[in-house]
Amino acid sequence: SPFTVQVADSETPPVTATANLSITVLNQLQVTTTSLPSGSVNTSYNAALTATGGMPPYKWSIVSGSLPSGLSLDASSGAISGTPLEKGTSPFTVQVADSETPPVTATVNLSITVVVFNVIHTFVPDLGEFDSETPLVFDQNGNLYGTGAVDLPGDVFMLSNDGSGWSFKLLYSFTRGLDGAGPQAKLAVGPDGTLYGTTRYGGEGCPQMYDQYDGCGTVFSLKSSCNLGTCSWTKTVLYYFTGNGDGATPSNGALVSDQSGNLYGTTESDGGGTYKLTPSDGGWQETVIDGAACDLASGVIFDAQGDLYGADACGGTAGSIFKLSFLNGSWTKTVLHNFAGGSEGSEPLGGLMFDSTGHFYGTTFSPPGTVFELSLSDGAWTLNTLHTFPSDRFGPQATLVMDASGNLYGSRDGSAYSFGAVFRLTPTKNGWVETVLHDFAGLGDGANPSGLVIDSNGNLYGTADSTVFQIMP
């Protein structure tokens, strides 16, 4: 603000003098960086600190803590760069100083998480391998199984680790005929190692709803038999959906089984609902146990008492969580929570999971996506929103996983490179804090990560279109 100031002395008449002056009022100096992207061991890292206010240029420094080994801070530009050498989370306090005399300073507490990210397999279409966006599953021997179905007709594959690396084996390739097509659901592993899954299309045809060539979908098994160290896999279609009241287009949720060996799953068409498959006279008999559903994209899960739980993405006003109980010879449905939208979120497309105390965890999809907890207290179910993603981001569409420390992990869109990200939610006294463990760049690491599976060491595995990846947090 410019102005002219005048001074007058005490003479008669007074003598005056003037000067043109100005005062510049600076905005308050503050660091605008609130979080930093994660890094990967032995992979180039680049991030920038930013500030506003004060008098540029700025000078940056670390006043407490330290950057991960292998990274350094440029004092003039605020750039953090280098190649991380070790995994772990490094908390530190960064300070920015402006060019005033004396300088004004501002600080912020930040951290950088470094993980080990490995691509353990890249799909090769020329070898008949299909890209995958389907969650993986472990068997008791530590082998990983998954399905490729980004394009039809799809396949089933296995990844085994002999200690020196992961080996890929194609177990079955679908033909888009009677054997099915589009195995988009996570596989289930039976007690004897038999794989169970569904295809969204193919089978005997769907004259009421679909092109006969595509069909209404199937339920199938893959069973291994070994002789002198050589193993082969036999695929069997357990059930063909007809679209005539029995459901059609099986959902992306994995099949689950009860102690009697019955299978349970969900369909998205022909009314949509939850079904049961019972072994009968050398075949399987299907029963729709709840047909009053709108969008059961994520399947159902059992609790220890034998009740089924699921999420209906368009039940009620903005989605619902329900329970199915077998009482007096029939199944009874109870709605545990109806989403109201807004801060609660809407469209619970991701599957449910239990923790050791019986609390549910799940996600909502429509922006802003959320992660929620549903707990039972004094006979009433209470929903608690643990984390809300930015307003322009969809929420996760796959089931969360939890490690032994109670941290939640998942995958979502809205990453730095627009190819998806894997995140961790850590419970703290101030709420749940999100850390992005890997931003997919679509440059050899894959894109659009699926749901995750976690091993006994806390390592994460998933598929990302063209790759199968491992993250060691």
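Given the structure is predicted, the values throughout are model-derived calculations rather than measurements.
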Student: Between Phe157 and Phe168 (judged by ring centroids, cut-off 6.0 Å), do the two rings come close enough to count as a pair?
Tutor: yes

Student: Please identify each residue that fulfils side chain to side chain donor-acceptor pair (under 3.5 Å) with Asp151, with sequence neighbours left out.
Tutor: none

Student: Identify the two heavy atoms, one from Asn118 and one from Met472, that lie closest to each other, and give their separation to 0.1 Å.
Tutor: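 For Asn118 versus Met472, the nearest heavy atoms are ND2-SD, 4.3 Å.
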
Student: Find the distance between CG (Leu308) and NZ (Lys323) and round it off to the nearest 0.5 Å.
Tutor: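 Reported value, rounded in 0.5 Å steps: 10.5 Å.
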
Student: Can Thr32 and Thr50 be counted as having a side-chain donor-acceptor contact under 3.5 angstrom?
Tutor: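 Looking only at side-chain atoms, Thr50 and Thr32 do form a donor-acceptor pair, the distance falling under 3.5 Å.
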
Student: Among side-chain atoms of Thr428 and Asn430, is any donor-acceptor pair under 3.5 angstrom?
Tutor: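 No - no donor-acceptor pair under 3.5 Å links their side chains.
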
Student: For Ala318, does its backbone N or O pair with a side-chain atom of Ser346 as donor and acceptor, under 3.5 Å?
Tutor: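 Answer holds: no.
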
Student: Aromatic ring centroids of Phe138 and Tyr145 under 6.0 Å?
Tutor: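 Ring centroids of Phe138 and Tyr145 are no less than 6.0 Å from each other.
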
Student: Taking Leu408 as the fixed residue, which of Leu386, Thr426, Val401 is the one that meets the side-chain contact (heavy atoms from CB on, under 4.5 Å) rule?
Tutor: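 Considering Leu386, Thr426, Val401, a side-chain contact (heavy atoms from CB on, under 4.5 Å) with Leu408 is found only for Leu386.
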
Student: Inspect the contact between Lys223 and Asp192 and indicate whether a charged nitrogen and a carboxylate oxygen are less than 4.0 angstrom apart.
Tutor: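 Yes, charged N to carboxylate O under 4.0 Å.
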
Student: Can the ring centroids of His359 and Tyr361 be said to lie less than 6.0 angstrom from one another?
Tutor: no

Student: Do you know the tightest heavy-atom contact between Asp312 and Pro348?
Tutor: O-CG, 3.8 Å

Student: Side chain to side chain donor-acceptor pair (under 3.5 Å) with Ser450: which of Thr134, Thr463, Asn252?
Tutor: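 Among the candidates, only Thr463 passes.
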
Student: Where do Gly247 and Thr267 come nearest, in terms of heavy atoms and distance?
Tutor: CA-OG1, 3.7 Å

Student: Of Thr194, Val156, Leu187, which meets side-chain contact (heavy atoms from CB on, under 4.5 Å) against Leu222?
Tutor: Val156

Student: Strictly by modelled atom types, are Thr93 and Thr107 linked by a side-chain donor-acceptor pair under 3.5 Å?
Tutor: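 There is no such pair between these side chains.
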
Student: What I'd like to find out is whether the side chain of His438 reaches to under 4.5 Å of the side chain of Asp445, using heavy atoms alone.
Tutor: yes

Student: Over all heavy atoms of both residues, which pair between Thr33 and Val108 is shortest? Give the atoms and the distance, please.
Tutor: O-CG2, 4.1 Å

Student: Test the Lys333-Phe322 pair against the cation-pi criterion, namely NZ or CZ under 6.0 angstrom from the six-membered ring centroid and within 45° of the ring axis.
Tutor: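 Yes, a cation-pi geometry holds between Lys333 and Phe322.
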
Student: Do the side-chain N and O atoms of Thr199 and Thr218 include a donor-acceptor pair separated by under 3.5 angstrom?
Tutor: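 Thr199 vs Thr218: donor-acceptor pair found between side chains.
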
Student: Are Phe389 and Phe423 close enough that their ring centres sit under 6.0 Å apart?
Tutor: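 Between Phe423 and Phe389, which both carry aromatic rings, the centre distance is below 6.0 Å.
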
Student: Locate the shortest heavy-atom distance separating Thr399 from Gly351; write the atom from each residue and the value.
Tutor: OG1-CA, 3.2 Å

Student: Looking at side-chain heavy atoms only, is the closest gap between Ile321 and Phe339 below 4.5 Å?
Tutor: yes

Student: Do the ring centers of Phe220 and Tyr172 come within less than 6.0 Å of each other?
Tutor: no

Student: Answer yes or no: are there more than 12 heavy-atom neighbours, outside Glu100 itself, under 6.0 Å from its atom CD?
Tutor: yes

Student: List for me each residue that meets side chain to side chain contact (heavy atoms under 4.5 Å, CB included) alongside Asn46, sequence neighbours excluded, and say none if there are none.
Tutor: Ser44, Ser81

Student: Do Asp155 and Ser173 get their side chains close enough for a donor-acceptor pair, meaning under 3.5 Å?
Tutor: no

Student: I'd like to know if the side chain of Thr467 pairs up with that of Thr122 as donor and acceptor (distance under 3.5 Å, no hydrogens or angles considered).
Tutor: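 Result is no, nothing qualifies.
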
Student: For Phe469 together with Tyr461, are the ring centres under 6.0 Å from each other?
Tutor: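 So the answer is no for these two rings.
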
Student: Taking the side chain as C-beta and beyond, is there a heavy-atom pair between Glu129 and His121 under 4.5 Å?
Tutor: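 Contact flag for Glu129/His121 side chains = yes.
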
Student: Could you tell me if Thr370 and Thr385 have a donor-acceptor pair between their side chains, going purely by distance under 3.5 Å?
Tutor: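 On atom types as modelled, these side chains do not qualify, holding no pair under 3.5 Å.
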
Student: Would you confirm whether Asn457, through its side chain, and Asn459, through its main-chain N or O, come within 3.5 Å as a donor-acceptor pair?
Tutor: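 A pair under 3.5 Å: no.
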
Student: Can you tell if the side chain of Ile112 reaches within under 4.5 Å of the side chain of Thr89, non-hydrogen atoms only?
Tutor: no

Student: Give the intermediate values and the outcome of side-chain contact (heavy atoms from CB on, under 4.5 Å) for residues Glu434 and Val436.
Tutor: CA-CA 7 Å; Glu434 182 191 16; Val436 174; 4.2 Å; yes

Student: Quick check: closest heavy atoms across Val300 and Val256, and the distance to 0.1 Å?
Tutor: O-CG1, 3.4 Å

Student: For Thr357 and Asp355, test the side chains for any donor-to-acceptor distance below 3.5 angstrom and give the result as yes or no.
Tutor: yes

Student: Between Phe302 and Tyr264, is the ring centroid distance below 6.0 Å?
Tutor: yes

Student: What do the steps show when you test Phe130 against Phe174 for ring-ring contact (aromatic ring centres under 6.0 Å, His included), and what is the final call?
Tutor: CA-CA 11 Å; Phe130 288 85; Phe174 292 89; 9.1 Å; no

Student: Give a yes-or-no answer on whether the side chains of Thr266 and Ser251 include a donor-acceptor pair shorter than 3.5 Å.
Tutor: yes

